[in-house]
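These numbers come from the heavy atoms of this one structure, side chains and all, not from hydrogens, waters or symmetry mates. Every number for a ligand or one of its atoms is a count from 1 in the order of the listing.
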Amino acid sequence: MKAPSMRGAPLSLFNSMGRQLGPFTPLSPGKVGLYSCGPTVYNYAHLGNLRAYVFTDTLRRVLRFKGYDVTHVMNITDVGHLTSDADEGEDKMEKAASAQKKSVWDIARHFTDAFLADMDALNILPPHQQPKATDHIDGMIAFNQRLTDNGHTYELADGLYFDTHTVPDYGKLAMLDVDGMQAGARVAVTEGKRHPTDFCLWRKSPTDSTRLMEWDSPWGVGAPGWHLECSQMSIEYLGAPFDIHTGGIDHRQVHHVNEIAQNMGYLGDGAPGAGTWMHNEFLVVGADKMSKSAGGFLRLLTLTEKGFHPLVYRYFCLQASYRKPLEFNWDAIAAAHNGLKRLYLRIEELLAQHGGAEISAKGDWQPRCDGPLKPRIEALDGAVSDDLNTPKVMANLNQLLADNSLSTDDALYLVALHDRVLGLNLLTTTAADLQPQRTSGPLSAEQVAVLIAERLTARKDKDFARSDAIRDELNAAGVVIKDGPEGTTWEWQVG
Ligand code: AMP
Ligand code: ZN
């Protein structure tokens, strides 16, 4: 039976479990529980991380568009992971704290705030719950206790370990050849570890020193292993099983594989916790993925300092399928800036024609889906239902904006509907908002205005040498001047 609140075409999503595109069916009709792996707050989010959250936000918007009532949970990892996926290396939080001579708590607070500001700037809907790992240590200890009671753990000198041979199909998500794996092939051999894929659930603090973040537990003073928090918090906030779990493609290999093993051990029903596992591909720079630990990464601030509006980055991400690697380069960002500006300008024209009247049934497709707009609404629905095909949604939007047979009201109604999925603030942000704002540079906006007025006077006086010299001075300061029939306009050059 079709769920009562589901709209339009069946929603098809790519499930990394089994690697197939298939119809999505929620566990409870009309409701979706969505869990996303959140940031580790030992550094700023780079543009690659933000691609992961634009993807999750798009998924949430599409689910809402399809009529589902979504509960979105995203954790904040404020307890140290080790610098490698495989439980080795230094603790990321502690490393950042000692490098910056701050407490781990200050580091976590600072980078959490910076992350939330980036999310807001990108118009990413705030998750309904954003639990922090450090607020859930008791829950994680209880989780480990149950894993131990269920016979999935063993203790070594340095911590409590999960025995990956106690659950069926370990590594199915990553398509791991567990039997063919040699100890040390993927992870360094830890003394006493039963299998190379076994992983740490609780890391004991070294006996000769104290860690900056550590807690008492039945396995000694220490800190949780890095996969534990997502199993514990997803089940605490969404119950088990829940519908969809998201993360970047790197999580398909280790983190989510181990989460699934933990969930199976904890729930004891052979189920992986979530029904659908979805992963976004990487943002890449040249041949490499953008990464935090490698250093030299680009932030949203890097873009805005160059004069690009944050929504240009959202637009840039939406131009590609979330399942394809996306290559970052400045030409592509400049092209996204121009594309978004054209979109805003066209919509501003429509809004001007509309004269400020209310747009009928703004953003809700129900009242109009049987009328003459049906094919356009079906095209939008078809695109989003095809595994969040945002490039197609953008193409559909551009087509309808070029269709002069649509009434202004109908066109604006469709724009609002497309924007429910795209989240580009199409009816409220203007091309002028995309104008880069400069806070530093050789000239202030006031100085630019004075020079432009001076240039105008020079031109009137036919002093072309002076007007050209001013133009050169402005160009050198990154100001682009446009002389049009209605006078001279200017903007900061982007990029
Ligand atoms: P982290 O803060 O390192 O835990 O990562 C936060 C999210 O960003 C995770 O879902 C990662 O899988 C994802 N991620 C990391 N690097 C990239 C990248 N270059 N492109 C897209 N997603 C990424
Ligand atoms: Zn996670």
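- Not a single N or O atom of Tyr53, backbone or side chain, sits closer than 3.5 Å to an N or O atom of ligand 1.
- Electrostatic pairing of Glu155 and Lys204 counts as a salt bridge here, judged by a charged N lying under 4.0 Å from a carboxylate O.
- Heavy-atom distances between His46 and ligand 1 reach below 4.0 Å in at least one pair.
- Of the possible polar contacts, none joining the His309 side chain to the Val312 backbone as a donor-acceptor pair under 3.5 Å is found.
- An N or O contact shorter than 3.5 Å links Asn280 to ligand 1 by distance.
- Compare Ser36, Gly48, Pro39 by their heavy atoms: the one nearest to atom 22 (N) of ligand 1 is in Gly48.
- At a threshold of 2.8 Å, the Zn ion (ligand 2) has a backbone or side-chain N, O or S atom of Cys230 nearer than that distance.
- Between Pro224 and Phe143 the shortest side-chain heavy-atom distance does not fall below 4.5 Å.
- Ligand 1 has Glu281 within reach: a non-hydrogen atom of the residue lies less than 4.0 Å from it.
- Below 3.5 Å of separation, one finds no N or O of Phe282 facing any N or O of ligand 1.
- Ring orientation note: the planes of His255 and His251 are nearly perpendicular, at an angle over 60° on the 30°/60° scale.
- The distance from the Zn ion (ligand 2) to the nearest N/O/S atom of His255 is under 2.8 Å.
- Under a 4.0 Å N-O distance rule, the pair Arg323/Asp387 qualifies as a salt bridge.
- At a cut-off of 2.8 Å, Cys37 coordinates the Zn ion (ligand 2) through an N, O or S atom.
- At a threshold of 4.0 Å, the pair Asp113-Arg109 does not count as salt-bridged, since none of the basic side-chain nitrogens sits closer than that to a carboxylate oxygen.
- Between Lys193 and Asp198, none of the side-chain N atoms (NZ, or NE/NH1/NH2) sits under 4.0 Å from a carboxylate O, so this pair counts as no salt bridge.
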